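Each remark here refers to the structure printed beneath this line.
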2 protein chains.
Amino acid sequence: MAGRTDTKREILDVAEQLWLHRGYNGFSYQHIAKQLGIKSAAVHYHYPAKQDLGVALVERMRRRFARWVVRTAELDGFWPKLDAYIAIHQVYLDDDSKVCPTGILDAEFHTISDEMRRSARELTREMHGWLTTLFRDGREKGDVCFRGEPDGVAAVVGATVQGALQIARAVGRGSFHLTIDHLKLQLRRREPTVDA
Amino acid sequence: MAGRTDTKREILDVAEQLWLHRGYNGFSYQHIAKQLGIKSAAVHYHYPAKQDLGVALVERMRRRFARWVVRTAELDGFWPKLDAYIAIHQVYLDDDSKVCPTGILDAEFHTISDEMRRSARELTREMHGWLTTLFRDGREKGDVCFRGEPDGVAAVVGATVQGALQIARAVGRGSFHLTIDHLKLQLRRREPTVDA
DNA sequence: TTGCCTCCTTACTAATTAGTAAGTAAGGTT
DNA sequence: AACCTTACTTACTAATTAGTAAGGAGGCAA
């Protein structure tokens, strides 16, 4: 035994590291097994097929995001909440320059199973939904200034953060911070705007 | 022969389709060979190792972008040029929902060769440089309104377009258009801004 | 016509992939 | 004591991977 009862969770943990670092097609059951000091058949015992593991990874991300939403509800005001959303991604960047789950899911979208795709779609919608609510409430309270509809800015912000995280891999972390700083600058209240 | 003299280019064309659709780790020499009706060893003849093919793909993208920059110089004004930049990505979206080269390169960044990484970095910098110039000139001529520095907005716009293209895979094309429309809305001159 | 060069095929290798089947050791239940 | 379940290991398959080596067919040049 020795391997103990939380092997299943440990597999998911190792798989998640590999996944966000190398992509779904960039790791195998052998990589996971080697890191845990078990045999790849043991991984198959817990997750018979790789798509089972893949779905479990995305579903765990969804549950984690749902719990994050609950925790984040306690933060008050638009900016602390937006910063919390950005902080999720900042953690990926700092942790060996990983990317966010939706980023990798989208990039490899045409190589994953239907069920993974469904989960990926749900996760993306949940994140976009949260951002939309954030911007609707933020405008109502006068914390943030933007044109158009809340779901529009939400889409821009979601895409920007995901894109910035990826681009930072190629050109360095400074690029992420430049992007985020400017994104926030554009959203700030009313200030003496620099124009033409 | 029959196979003709442009086999090398045909290989690159097929590889590019597969690459932008399934990712670098999502296709093999056999996929390319089968589509062209040749043997995979013939692909190795032209591109001995897969990383040679990979570098060739990125380098061609860089040359293509450089030519695009020259062509685009003839367009006058900020908005037609920005629309041209977006149109590049729109084409990827419409062509079987592909993603942009930098998007896939960033996602699989830790699984590609050093030389591919170098090329990817260059391509990213070239695109960001072009956008930066676009925003600097656009502000000078009063065509566009933004806070902060040109390279900041350029980073935001680059990240947004790349992110939006990927996200559209999961939730549909409408998401790309929503994002782009709102991005442009935020950049428009001065209008009767919707505030709090 | 001899020989070389280009572009390909046939025929392989060695490694890695996902996945399965059968067996086993430990612990709990009856 | 007999038995079942959980969590593995050993040992395998079949497919696919990148990559190589040797050979052949056609065109071109001397």
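First the proteins, then the strands, lettered A, B, ... as listed; each starts at 1. Fair warning: this is a prediction, and the values are worked out from it, not measured in the lab.
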Distance check needed: [N] [atom2] versus [X] [atom1], whole Å only.
X: B/D6; N: C/dC7; atom1: CG; atom2: P; result: 11 Å
X: A/K39; N: D/dT10; atom1: NZ; atom2: P; result: 5 Å
X: A/I11; N: D/dA7; atom1: CD1; atom2: P; result: 11 Å
X: B/Q51; N: D/dA18; atom1: CD; atom2: P; result: 13 Å
X: A/Y45; N: C/dT24; atom1: OH; atom2: C1'; result: 13 Å

**OP:** Could you please name the option among C/dG19, C/dC8, D/dA21 that lies closest to any side-chain atom of B/H46?
**Re:** C/dC8

Subject >> Minimum-distance nucleotide to B/I38 side chain [options: C/dT9, D/dA18, C/dT20] >> reply: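 That would be C/dT9.
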
Original post:
For C/dC8, does OP1 or OP2 lie under 4.0 Å from any side-chain N or O of B/T7?
Top reply: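 Yes, such a contact exists.
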
Subject >> Aromatic ring pairing B/Y85/B/H89, orientation class (parallel under 30°, perpendicular over 60°, tilted between) >> reply: tilted

Below 4.0 angstrom, N of the basic side chain to O of the carboxylate: do [X] and [Y] qualify?
X: A/D137; Y: A/K141; result: no
X: A/E122; Y: A/R117; result: no
X: A/E149; Y: A/R136; result: no

**OP:** For B/Y29, check ring-ring contact (aromatic ring centres under 6.0 Å, His included) against everything at least two apart and list the hits.
**Re:**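 Expected list: B/H44.
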
Original post:
Can you name the salt bridge (charged side-chain N to carboxylate O under 4.0 Å, His left out) partners of A/D52, sequence neighbours left out?
Top reply: none

Provide a list of protein-nucleic acid N or O atom pairs under 3.5 angstrom, restricted to nucleotides 13-17 of chain D.
from	atom 1	to	atom 2	distance (Å)
D/dT17	OP1	B/S28	OG	3.2
D/dT17	OP2	B/S28	OG	3.3

